[in-house]
Amino acid sequence: MKENIYDLIGVGIGPFNLGLAALLDPINEVDTLFFDQKHEFDWHPGMLIEGTRLQVPFMADLVTMADPTNKYSYLNYLKHHNRLYPFYFLQRLEMPRNEYNHYCQWAANQLESCRFGTKVTSIVPIGDPVAHYEVIVEELETREVNTYLAKNIILGVGTVPSLPPSLKGMKEEDVFHSSTFLDHTERCHDAKSITVIGSGQSSAEIFRELLKARKENGYSLKWITRSQGFFPMEETRLSLEHFSPEYIDYFYDLPQAQKDEIFSGQQLLYKGISPHTITDIYNLLYEQSVGGEKMDVTLMPLTEINGMKEKEDGTGYELECRQWQKDKKFLIESEVVVAGTGYRPLIPKCLEDLNDLIEWDDKGRYQVTKDYRLRLTKESDSTIFVHSGMQHTHGVGSTNLGLAVNRNKIIINELLGKEIYPVLEGNIFQQFEVEEQ
Ligand SMILES: Cc1cc2nc3c(=O)[nH]c(=O)nc-3n(C[C@H](O)[C@H](O)[C@H](O)COP(=O)(O)OP(=O)(O)OC[C@H]3O[C@@H](n4cnc5c(N)ncnc54)[C@H](O)[C@@H]3O)c2cc1C
């Protein structure tokens, strides 16, 4: 196993590394491998709710924004599945979320560089300056451990569900993160009361789903958020230009403290709810209340949950709430709690052997160059590229599917030391950067 030094080894096969594998596929000059611990490609399976769709146009597929003629494009996927006409008649730019997953599975199954059921357990730098890396990989089914050598690494490990301390330590079947919602639908339907927490897209989709099934199953339903309201994601055209290569360039060059401040003020660019989901929810509320029927449904903004405990009789949980604008504390009871409390960047365990080599900032975040390399503490002939955990350096667009292809173009050009995929400028109408006179 040890003799071949791969040009690039990828850790994780989510959409970002899968897109990279697809764009590298036609290039014969490089030898690459990608590993993922899942037994097949599976994109946020707990949230593939019927009726949900991608929040970006289909052009943000794995390859189109770099090369629409690449055989792993979504349009080619549609052609192979005889769905060009149905998609044409759908008259929508966004594909259903479960179709995005199926499309990515179709691509992953054809890409020989992608290996599933394999977990990268450690990455060891070899040489001083670092000449290459030893990548230790466990085959999860056989428990066999293999070592591969790589000149360069790309981390595409994504994020992990984030549960606030106040919700931790409860029974998993009753109190769970939105990422596992579809595993718990039966439990929800059996419950007498359900509380959904959070006001992002996931919480809204789950609330809509539970609202639809409420009458049939007879539970009471609450939707609680600390935010001031159930606000829409900012999706108007000129706001979308924040998800452009130009804005990333502009943002990257700002001082770190300013970046942190700006990013925390941009939540509605990526954390709000799609307007069509809000409309669906409102329509359901309106229909279900026809004739003044009393609905056991409550929507509460401005409300934080500061603690919870299991009721003594075991029939559910007591949530300690506070309406923070009026500083009023109160309790609510719920049998099931769904936490749409977001995700945080994953610093995988396999980076442990690289801890001293990686430059971390005072908040424990790794430092990333503009062209997506980890900054290292000493000289290295090898590069560790990254796809995730870069919101602090590259801003709001760093987790966006539409920008991932642009990032992959830059990484491929860097890897090969020449321009394979042109990185074009002049993509937006507004100007963030100015020249001082
Ligand atoms: C429900 C949901 C919907 C979203 N919808 C959109 C959208 O519509 N538009 C948009 O622009 N963005 C969307 N996003 C944000 C973003 O595009 C996705 O999170 C996307 O999946 C990120 O891709 P990724 O490749 O970084 O990571 P992931 O998709 O999270 O994949 C990471 C992979 O790494 C693997 N892995 C981790 N550690 C190891 C290891 N040590 N060894 C082997 N494998 C490992 C994991 O098994 C996983 O498969 C959404 C996010 C969520 C949660």
Side-chain angles (χ1 to χ4, degrees), residues 5-14 16-17 20-21 30 32-37 118-138 145 147-162 248-249 251-260 263 343-399 403-404 407-408 410-415 417:
I5 301 188
Y6 287 90
D7 296 298
L8 181 73
I9 283 188
V11 188
I13 311 176
F16 296 167
N17 263 346
L20 183 60
V30 282
T32 62
L33 270 185
F34 293 83
F35 296 106
D36 199 291
Q37 61 204 359
T118 51
K119 181 173 179 161
V120 176
T121 54
S122 80
I123 303 171
V124 186
I126 305 292
D128 193 3
V130 181
H132 59 262
Y133 296 94
E134 252 182 23
V135 181
I136 320 295
V137 180
E138 185 182 344
V145 175
T147 302
Y148 298 82
L149 303 183
K151 181 82 184 147
N152 304 290
I153 302 287
I154 170 98
L155 298 172
V157 294
T159 50
V160 279
S162 167
I248 286 201
D249 259 11
F251 183 87
Y252 184 87
D253 292 333
L254 293 167
Q256 189 58 57
Q258 208 180 349
K259 288 203 243 193
D260 290 345
F263 181 67
Y343 296 77
R344 59 183 167 77
L346 169 66
I347 305 285
K349 265 198 158 29
C350 62
L351 286 193
E352 267 170 15
D353 287 318
L354 299 171
N355 251 340
D356 294 342
L357 185 66
I358 296 171
E359 259 187 46
W360 305 92
D361 74 2
D362 52 9
K363 293 188 173 147
R365 306 173 295 193
Y366 44 58
Q367 293 300 289
V368 187
T369 65
K370 203 172 203 172
D371 53 2
Y372 306 105
R373 302 155 181 259
L374 283 190
R375 276 192 204 284
L376 303 179
T377 52
K378 59 180 184 184
E379 236 183 274
S380 170
D381 297 332
S382 303
T383 300
I384 304 172
F385 294 102
V386 269
H387 274 306
S388 33
M390 290 185 300
Q391 283 178 323
H392 63 295
T393 54
H394 288 69
V396 68
S398 63
T399 55
L403 276 171
R407 182 165 60 237
N408 280 333
I410 295 171
I411 290 171
I412 291 173
N413 294 347
E414 287 292 319
L415 186 70

Chi angles and distances behind the side-chain contact (heavy atoms from CB on, under 4.5 Å) call for E138, T118: CA-CA 6 Å; E138 185 182 344; T118 51; over 6 Å; no
OG1-CZ distance between T369 and R373, expressed to the nearest 0.5 angstrom: 6.0 Å
Ion pair K151/D381, N-O distance below 4.0 Å: no
Centroid-centroid distance, Y148 to F35, less than 6.0 Å: yes
V368 vs L374, side-chain contact (heavy atoms from CB on, under 4.5 Å): CA-CA, chis, key distance, verdict: CA-CA 5 Å; V368 187; L374 283 190; 4.2 Å; yes
Closest contact, heavy atoms only, F34 versus I13: O-CD1, 3.6 Å
Backbone of S122 reached by a side-chain donor or acceptor of D353 within 3.5 Å: no
CG/N355: more than 12 non-hydrogen atoms of other groups inside 6.0 Å: yes
side-chain contact (heavy atoms from CB on, under 4.5 Å), paired with Y133, selected from I126, L354, I5: L354
Expected output: side-chain N152 to main-chain T383 donor-acceptor under 3.5 Å: yes
Short side-chain donor-acceptor distance under 3.5 Å, D260 and H392: no
Short N-O contact, K370 and D253, less than 4.0 angstrom: yes
Cation-aromatic face contact R407/F16, 6.0 Å, 45 degrees: yes
Enclosure of K119 NZ (heavy-atom neighbours >12, cutoff 6.0 Å): no
Distance-minimising heavy-atom pair for I9 and L149: CD1-O, 4.0 Å
Distance (rounded to the nearest 0.5 Å) between N408 CG and L415 CG: 11.0 Å
Least distance between heavy atoms, V11 atom then C350 atom: CG1-SG, 4.3 Å
Pair R375-Y366, side-chain contact (heavy atoms from CB on, under 4.5 Å): steps then yes or no: CA-CA 8 Å; R375 276 192 204 284; Y366 44 58; over 6 Å; no
Inter-residue atom distance H132.NE2 - I153.CD1, 0.5 Å rounding: 10.5 Å
Whether S382 side chain and A131 backbone form a donor-acceptor pair below 3.5 Å: yes
